Number of protein chains: 2
Amino acid sequence: MADLTALKAAALTEFAASGYLGTSIARIAERAGVSKASVLYHFESKEALLASAVGSAIEELEHLLDRVGTGDLGLEERKVFVEGFVQFLLRNRLAVHIFMNQRGTLADLTVMRRADALIERIAQFLMERTASLDEHMRFGIALGGAAYLLANAGVLPGPQPDDIEVRESLNRILIGLLVPEAAR
Amino acid sequence: MADLTALKAAALTEFAASGYLGTSIARIAERAGVSKASVLYHFESKEALLASAVGSAIEELEHLLDRVGTGDLGLEERKVFVEGFVQFLLRNRLAVHIFMNQRGTLADLTVMRRADALIERIAQFLMERTASLDEHMRFGIALGGAAYLLANAGVLPGPQPDDIEVRESLNRILIGLLVPEAAR
DNA sequence: TCAAATCCTGACCGATCGGTCAGTACTGTG
DNA sequence: CACAGTACTGACCGATCGGTCAGGATTTGA
């Protein structure tokens, strides 16, 4: 029996490095050491394979957003969210890379619309009260920049581990940008 | 005679919206009102069409970097660069979208390697002296976030014009992040 | 006016893709 | 042993893609 986890990992790596459209099922199969037909035996389609490969990342982000709730934005809740978000980014670099860089191109795939809904929730959570253009832009730059930076930092080399220094630096910068009321 | 400018504009729009791999020459031809063979009469290949479509954006960024020089980073030079960079982003949203989201996928295309070299120059220009991890991360977040935010803000709807308010807000935020010595 | 150059197109080609299918090998169970 | 279910594969199919080509239409210029 084939290792479905290894199959999903191979798909995630290839989809992030070469893009969903630029990756053939045959190449994923080759990387995992099975035949193309075998891949399609375990996953009913290429799209289903992508959905399965990024599924855990989507669920992790959903849980993070559920935990923080939809209520009004407390100062402490924001800090908690930022730290959880940074952890999510560091643990799901490849999936985040796919979301960030292929969102528009793959807008017709169900799984991508699901990811879009999560981004929408984050935006609402952070911007509910603030109407100033400067704050909107700063929030967008902070979240988009952090996600993009981590997702694209060496997709192929991937040397940086879940470095604790990087995580703490990110926490500091993002809290400074997203929770301006926080003591400085 | 076909309007080569319209052809390049159609290609730029489709490549940004659907991705280079997800866009067929036939669709670009249809959008421009000509035949597929006619497109390939004016551009020797799909890759050459992409290079031509993003060419002016690349040249504009090259000139910006040449103007600012490679010498040591003066405080005023940084401000000038930031404002020029923001203007570049606002004037080349579609090309920036392609660079940001398809850099890895299209790494084998000559024009993409040229764009990569420019990103490298920007990084060197801003980080020459500073070795602190926090500053590296903050610079990356600021530049990447601003570029990503603008490039992906409504690729299809594209309602926002070169809004003067957006430009000034961006200048303020980026100068605050990239030129910390600046008066506040 | 006429020939050369330019512009443009439909028809075609080989390659690649996602997906199907019939059949084989293996494994567990009664 | 017999049988059933699971895992897996090579061969194949229709569709789409980038690119070629021979030839028709249009423009140019002497």
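Here is the naming used below: chain letters follow the sequence lines, and residue numbers restart at 1 for every chain. Keep in mind that this is a model prediction, so the values were computed, not measured.
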Mind checking what makes ring pair (Phe, Tyr, Trp, His ring centres under 6.0 Å) contact with A:F81, not counting sequence neighbours?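 A:F81 satisfies ring pair (Phe, Tyr, Trp, His ring centres under 6.0 Å) with A:F85, A:F125 only.
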Ring pair (Phe, Tyr, Trp, His ring centres under 6.0 Å) with B:F99: which residues, sequence neighbours excluded?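 Ring pair (Phe, Tyr, Trp, His ring centres under 6.0 Å) list for B:F99, sorted by chain: empty.
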Looking at side-chain heavy atoms only, is the closest gap between [X] and [Y] below 4.5 Å?
X	Y	value
A:N101	B:R103	no
A:H97	A:R93	no
B:M112	B:T105	no

Is the shortest distance from a Lys or Arg side-chain nitrogen in [X] or [Y] to a carboxylate oxygen in the other one below 4.0 Å?
X	Y	result
B:E62	B:R114	yes
B:K8	B:D3	no
B:D66	B:R121	yes

Expressed in angstrom and rounded to an integer, what is the separation of [X] atom [atom1] from [N] atom [atom2]?
X	N	atom1	atom2	value
B:R27	D:dT16	CZ	P	13 Å
B:L106	D:dG18	CG	C1'	15 Å
A:L109	C:dG18	CG	C1'	13 Å
B:E30	D:dC17	CD	P	11 Å
B:Y41	D:dC21	OH	C1'	14 Å
A:H42	C:dG18	NE2	P	18 Å
B:D3	C:dC8	CG	C1'	15 Å

So, using salt bridge (Lys or Arg N to Asp or Glu O under 4.0 Å) as the criterion, who are the partners of B:E168 when residues are at least two apart? none
Salt bridge (Lys or Arg N to Asp or Glu O under 4.0 Å) with A:R27: which residues, sequence neighbours excluded? A:E14
Provide a list of protein-nucleic acid N or O atom pairs under 3.5 angstrom, restricted to nucleotides 20-27 of chain C.
none

Let's go through A:V96 and A:Y148 carefully: what are the C-alpha distance in whole Å and the side-chain angles of both, what is the deciding distance for side-chain contact (heavy atoms from CB on, under 4.5 Å) to 0.1 Å, and is it a yes or a no? CA-CA 8 Å; A:V96 172; A:Y148 185 83; over 6 Å; no
Verify the contact: side-chain N or O of A:S35 to OP1 or OP2 of D:dC8, cut-off strictly under 4.0 Å; return yes or no.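 So the side chain of A:S35 is outside the cut-off, no N or O lying under 4.0 Å from OP1 or OP2 of D:dC8.
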Taking N or O atoms only and anything under 3.5 Å, show me the protein contacts with nucleotides 26-28 of chain D, one pair per line.
none

Nucleic acid contacts - residues 18-26 of chain B versus DNA chain D, non-hydrogen atoms under 4.0 Å: B:T23, B:S24, B:I25
Within residues 45-52 of chain B: residues closer than 4.0 Å to DNA chain D (heavy atoms):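 Per residue number, the list reads B:S45, B:K46.
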Identify all pairs in which a protein N or O lies below 3.5 Å from an N or O of nucleotides 23-25 of chain D, and state each distance.
none

So, using side-chain hydrogen bond (donor to acceptor under 3.5 Å, both in side chains) as the criterion, who are the partners of A:D134 when residues are at least two apart?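 side-chain hydrogen bond (donor to acceptor under 3.5 Å, both in side chains) check on A:D134 returns B:S169, B:R172.
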Identify, with sequence neighbours excluded, every residue that meets side-chain hydrogen bond (donor to acceptor under 3.5 Å, both in side chains) alongside A:N171.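 side-chain hydrogen bond (donor to acceptor under 3.5 Å, both in side chains) list for A:N171, sorted by chain: empty.
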Do the side chain of B:R138 and the main chain of B:L178 share a donor and acceptor less than 3.5 angstrom apart?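 Absent.
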Selection residues 38-54 of chain B - residue pairs positive for salt bridge (Lys or Arg N to Asp or Glu O under 4.0 Å), sequence neighbours left out: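 For residues 38-54 of chain B, and leaving out neighbouring residues, there are no salt bridge (Lys or Arg N to Asp or Glu O under 4.0 Å) pairs at all.
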Does a sphere of radius 6.0 Å around CD in B:E83 hold more than 12 heavy atoms from other residues, nucleotides or ligands, not counting ones at 6.0 Å or beyond? yes
